[in-house]
Amino acid sequence: MKNIDDINLEDFDVANGIKQRGVADLVEDKIIKECQLVFGNVKEGRSKKSTEDMSFGETLNPNSIWYDIKTHDVHGDFCMPNLISMDKFFKEIVNVDRGLFYWFQDYSLIDNRVKILEKKIIPYWKLELDNLGIGNLGTGQLQIKDMKDPYINENNTKEMFQNEMVQKYISFLKKLQTKTLSRIDYMESTYA
């Protein structure tokens with residue numbers, strides 16, 4: 001019986017001039033289609049903005065397992081992927097104890113040929129905490145600071161990871177509060 005780790009993509013050709021986002025969409029689509037061929041209960045993500053790119057089981061059932069596919073062009077200059085909004089992290093993952101796995105798929109694009117390289121499939125709590133930041137987007141966006149640095153830590157536990165995320169998020173919100181109050185003061189003193 002196959003499991004998710006047995007899914008491997010083949011190299012493929014792309015149209016001339018395709019950009020990184022286009023290749024990423026193709027890789028993501030191929031992963032989902034391959035999983036749907038092998039496993040009967042795979043559903044595509046609810047929308048482009050949903051946390052999951054695919055799920056096993058009924059998507060909104062707390063027992064469903066979600067996969068978020070992150071592609072990485074190994075020849076790219078800098079890669080700092082957004083993972084999940086902090087609001088969704090707590091509401092959709094922590095509060096319902098949902099299984100969320102990140103599928104990191106490395107590839108290279110040379111002469112219109114996508115070469116599929118290493119893949120790593122890990123639960124969210126195995127992300128390296130020191131290589132995670134919270135970007136100032138919406139309610140805060142969890143990001144990997146740099147894909148070229150270690151971003152997986154097999155020693156993390158779920159409880160440790162979640163506790164650290166609470167502390168990181170509180171710190172982020174306090175800094176945001178200070179910045180926001182400073183901006184309000186500036187606007188009131190300058191324009192009001």
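Predicted, not measured: the structure shown is a model, and the values here were computed from it.
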| note | For I65 and Y67 the tightest heavy-atom approach is CG2-CE1, 3.7 Å
| task | Taking the side chain as every heavy atom from C-beta outward, state whether F39 and I4 have any pair of such atoms under 4.5 Å apart. | result | yes
| Out of curiosity, does I122 fall in the hydrophobic cluster containing L129 (side-chain heavy atoms, cut-off under 4.5 Å, transitive links)? | yes
| said: What's the separation between atom CZ in F172 and atom CE in M165, rounded to the nearest 0.5 Å? | reply: 12.5 Å
| task | Quick one: pull up CD1 in I31 and CD1 in I121 and give me the separation to the nearest 0.5 Å. | result | 8.0 Å
| query | Can you check whether L132 reaches I144 side chain to side chain, under 4.5 Å on heavy atoms? | reply | yes
| said: Applying the side-chain hydrogen bond (donor to acceptor under 3.5 Å, both in side chains) criterion to S55, which one of T59, T51, D53 satisfies it? | reply: T59
| note | Separation between CG (D13) and CG (L26), nearest 0.5 Å, reads 11.5 Å
| query | Salt-bridged, E34 to K119, with N to O below 4.0 Å? | reply | no
| request: Treat each ILVMFWY residue as a node, draw an edge where side-chain heavy atoms are under 4.5 Å apart, and state whether V166 and M86 are in one component. | output: yes
| said: Could you tell me if the side chain of Y107 sits less than 4.5 Å from the side chain of D73, heavy atoms only? | reply: yes
| task | Enter the distance from L176:CG to S171:OG here, rounded to the nearest 0.5 Å. | result | 11.0 Å
| Within 6.0 angstrom of N16 CG, more than 12 heavy atoms from elsewhere | no
| message | For the CG atom of L100 and the CD atom of E92, what is their distance to the nearest 0.5 Å? | response | 9.5 Å
| Can E58 and K43 be counted as an ion pair, charged N to O under 4.0 angstrom? | yes
| request: Apply side chain to side chain contact (heavy atoms under 4.5 Å, CB included) to H75 and L109, showing your working. | output: CA-CA 8 Å; H75 298 300; L109 175 62; over 6 Å; no
| query | Between C35 and W103, is any pair of side-chain heavy atoms under 4.5 Å apart? | reply | yes
| query | When rounded to the nearest 0.5 angstrom, what distance separates OG1 in T71 from CG in L117? | reply | 12.0 Å
| field | Pairs flagged by side chain to side chain donor-acceptor pair (under 3.5 Å) wherever residues 123-150 is involved - sequence neighbours left out | value | N82-Q143, Y124-Q162, E128-N153
| query | For atom NZ of K33, is the number of surrounding heavy atoms from other residues, nucleotides or ligands below 6.0 Å larger than 12? | reply | yes
| said: Looking at K175, I want to see if its NZ is surrounded by more than 12 non-hydrogen atoms of other residues, nucleotides or ligands under 6.0 Å. | reply: no
| task | Assess whether atom NZ of K168 is packed by more than 12 heavy atoms of other residues, nucleotides or ligands within 6.0 Å. | result | yes
